[in-house]
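Comments concern the structure below.
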Amino acid sequence: MSIQQLLLSIDELHSFSNHSTFTQNIPVEWIESALTLSSKASIRRRRLPEDQVLWLVLGMALFRNEAIEEVARRLNICSEGLASEQLLAKSGVSQARQRLGSDPMHWLFQRTGEHWANERFAQDDWQGLQVLAIDGVVFRTPDTPELREHFGSASNTTVKQSAYPLLRCVALMNTHSHIILDAQVGSYRKAETPLAEVMLDKIPDRSITLLDRNFWSANLMHTLMNGGNERHWLIPKRSNTMYEVIEEYGDGDALWRMKVSPQARKKNPNLPEYWDVRAITYDVQGKAKTVLTSLPISDYPADQIAQLYHQRWEIELGFRDIKSSMLSNAITLRSKKVDLIYQEMWGMLLAYNIVRREASHAAASHGQRASDVRFKMAFTYIASNLIVMAAAKPESKTGMRLKELRSGVCNLFLERKKARPSRPRLVKQSKTRYPVSRNAVLLK
């Protein structure tokens with residue numbers, strides 16, 4: 001019996017709360033529901049059935065530098081538990097992925113994101129509010145006519161199209177645990193703001209969402225704020241913002257009134273003609289910065305709000321972890337079909353969430369913050385342990401090995417060093433003993 005078959009056992013998965021393993025956090029009922037969305041159902045039992053293909057897609061995200069058939073072999077993904085080149089051909093693996101499609105992975109990612117969004121850890125909030133961030137990121141795909149037509153590419157005044165087709169992803173992330181609550185993936189031609197508006201109903205109550213200035217939209221802000229209970233937002237001021245000061249609360253703290261554009265009111269007739277926002281101005285290395293927010297002055301001090309916006313950078317660190325650690329700084333994604341690109345993306349985001357959630361629980365069990373766990377080390381540690389457990393004998397020891405997994409992750413905390421005094425860098429003038437020819441031809 002392979003590790004994947006053991007984890008998919010109903011008896012084991014119904015008691016997943018008693019085990020410290022990241023894969024057992026996905027109940028078997030969710031997997032069965034996701035597989036019902038598969039585009040092509042099959043009655044007969046294949047050598048690589050759909051439930052095993054789902055684990056294969058997650059394994060692809062954990063072992064980016066390995067061939068897909070090698071991932072199946074190393075994780076022992078096969079209905080007989082004997083994955084080898086004699087049982088699993090390259091064409092069989094590709095066909096199995098196409099049979100599965102992208103919908104099951106997409107559904108499973110959304111279902112786990114909704115469930116894990118309700119989990120709260122120590123030091124996981126700010127002033128009683130859950131801190132979230134929305135931002136976009138771009139991935140490159142292999143250059144094929146099909147992918148370029150579907151996803152599109154960037155262009156500028158000198159180059160009509162980028163070297164590779166581009167895929168746009170907008171994510172909603174918890175800035176403390178770094179778990180992605182929801183994400184929208186689509187063509188590069190789609191702007192970030194419309195993709196972000198689709199996710200607004202996934203934002204929980206009693207939360208504050210940090211946004212980049214590119215998401216400035218009256219429709220987005222009002223929908224976010226009015227769509228639940230105590231759902232606030234925080235965003236930097238754009239340079240061309242027109243406003244009128246209504247009231248001064250204090251030094252660098254005021255109430256502004258702005259006019260909603262006719263274009264926004266045409267898109268959403270329920271928007272008011274004017275809207276009032278709180279503006280907080282603070283100093284960063286001698287430069288004045290202004291952020292706008294829906295937080296009321298009665299409960300939230302201005303200086304704490306200014307410090308809070310710095311947490312928006314956490315979502316950028318999450319994107320870095322995906323591209324640097326999980327994708328190993330690869331130029332493009334590995335799939336070459338449109339549906340398989342989506343499947344790979346959802347599998348990668350789900351695998352990222354699983355690692356982050358396991359790291360969060362490991363940190364909580366040792367009284368540490370989830371953001372203090374080094375993602376790259378935790379990711380590598382978990383991936384290597386999966387290989388060991390897939391081939392470990394006897395299988396009866398698997399439960400014990402899974403329980404030991406979190407105890408190993410807890411040793412991967414960041415070391416917070418004291419800030420060193422700033423020392424300006426100086427570059428000494430380069431000297432040479434030889435005369436310099438000013439007319440020499442440059443080397444090519």
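Below, all heavy atoms of this structure are taken into account, side chains as well, without hydrogens, waters or symmetry copies. Bear in mind the structure is a predicted one, so any value in this text is a computation, not a measurement.
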Asp135 side chain reached by Val170 side chain, heavy atoms, under 4.5 Å: no

task: Would you mind telling me which of His222, His232, Met221 makes a side chain to side chain contact (heavy atoms under 4.5 Å, CB included) with Ser294?
output: His232

query: Rounded to the nearest 0.5 Å, what separation is found between the CG atom of Leu224 and the CG atom of Leu211?
result: 7.0 Å

- prompt: Is Ile315 close to Thr175 at the side-chain level, that is, under 4.5 Å between some pair of heavy atoms?
  reply: no

message: Taking side-chain hydrogen bond (donor to acceptor under 3.5 Å, both in side chains) as the definition, give me every residue that meets it alongside Tyr342, ordered by chain and number, with sequence neighbours left out.
response: His150

message: Within the structure provided, determine whether Ile134 and Leu132 are in side-chain contact (heavy-atom separation under 4.5 Å).
response: no

- prompt: If you measure from the Lys or Arg side-chain nitrogens to the Asp or Glu carboxylate oxygens, is any gap between Lys336 and Glu344 under 4.0 Å?
  reply: no

message: Tell me whether Ser187 contacts the main-chain N or O of Phe151 through its side chain, where contact means a donor paired with an acceptor under 3.5 Å.
response: yes

- prompt: Within a reach of under 6.0 Å around NZ of Lys337, are more than 12 heavy atoms found that belong to other residues, nucleotides or ligands?
  reply: no

- request: Just jot down the side chain to side chain contact (heavy atoms under 4.5 Å, CB included) partners of Glu66, sequence neighbours excluded, or say none.
  value: Phe63, Glu70, Val71, Arg74

message: With a sphere of 6.0 Å drawn around CD of Glu149, does it hold more than 12 non-hydrogen atoms of other residues, nucleotides or ligands?
response: no

- prompt: Would you say Phe109 and Ile180 make side-chain contact, with heavy atoms under 4.5 Å?
  reply: yes

message: Would you say that Leu317 contacts Phe375 through its side chain, given a criterion of any heavy-atom pair below 4.5 Å between the two side chains?
response: no

- prompt: Is it true that the side chains of His176 and Gln311 contain a donor and an acceptor less than 3.5 Å apart?
  reply: yes

- prompt: Should Asp125 and Arg206 count as an ion pair when the cut-off is N to O under 4.0 Å?
  reply: no

- request: Can you sort out the partners of Asn268 under side-chain hydrogen bond (donor to acceptor under 3.5 Å, both in side chains), two or more places apart, ordered by chain and number?
  value: Asn219

- prompt: Is there a side chain to side chain donor-acceptor pair (under 3.5 Å) between Arg357 and Thr112 once you walk through the steps?
  reply: CA-CA 11 Å; Arg357 184 171 186 265; Thr112 53; over 6 Å; no

task: Sort and list the pairs that fulfil salt bridge (charged side-chain N to carboxylate O under 4.0 Å, His left out) and have at least one residue in residues 169-196, not counting sequence neighbours.
output: Arg168-Glu192, Asp182-Lys202

query: Given the rule in the ring-ring contact (aromatic ring centres under 6.0 Å, His included) test, do Tyr352 and Phe379 qualify, once you have shown the distances and angles that lead to the verdict?
result: CA-CA 8 Å; Tyr352 169 83; Phe379 168 78; 9.4 Å; no

message: Between Arg148 and Ser153, do the side chains contain a donor N or O and an acceptor N or O under 3.5 Å apart?
response: yes

Run the side-chain donor-acceptor check on residues 321-330: report pairs under 3.5 Å with partners two or more places apart or on a different chain.
residue	atom	partner	partner atom	Å
Asp321	OD2	Arg356	NH2	2.6
Lys323	NZ	Val138	O	2.6
Ser328	OG	Asn65	ND2	3.4

Main-chain N/O of Trp233 paired to Thr293 side chain as donor or acceptor, under 3.5 Å: yes

query: Are Ser335 and Arg97 close enough that a side-chain donor and a side-chain acceptor fall under 3.5 Å?
result: yes

Side chain to side chain, Arg140 and Leu167, heavy atoms closer than 4.5 Å: no

- request: Would you give the length of the straight line joining atom CD of Gln110 to atom CG of Leu181, rounded to the nearest 0.5 angstrom?
  value: 11.5 Å

message: Classify the ring geometry of Trp346 against His106: parallel below 30°, tilted from 30° to 60°, perpendicular beyond 60°.
response: parallel

- prompt: Among side-chain atoms of Thr332 and Thr141, is any donor-acceptor pair under 3.5 angstrom?
  reply: no

task: Using side-chain hydrogen bond (donor to acceptor under 3.5 Å, both in side chains) as the criterion, list what pairs up with Thr223, not counting sequence neighbours.
output: none

message: Can a donor-acceptor pair be found, under 3.5 Å and without considering hydrogens, that links the side chain of Arg265 to the backbone of Val260?
response: no

- prompt: What is the distance from atom CD of Glu69 to atom CG of Leu56, rounded to the nearest 0.5 Å?
  reply: 9.5 Å

query: Can you check whether Cys169 reaches Gln184 side chain to side chain, under 4.5 Å on heavy atoms?
result: no

query: Taking Arg231 for the side chain and Leu200 for the main chain, is one N or O donor matched with an acceptor at less than 3.5 Å?
result: yes

task: For the pair Gln343 (side chain) and Val57 (backbone), establish whether a donor and an acceptor sit closer than 3.5 Å, ignoring hydrogens and angles.
output: no

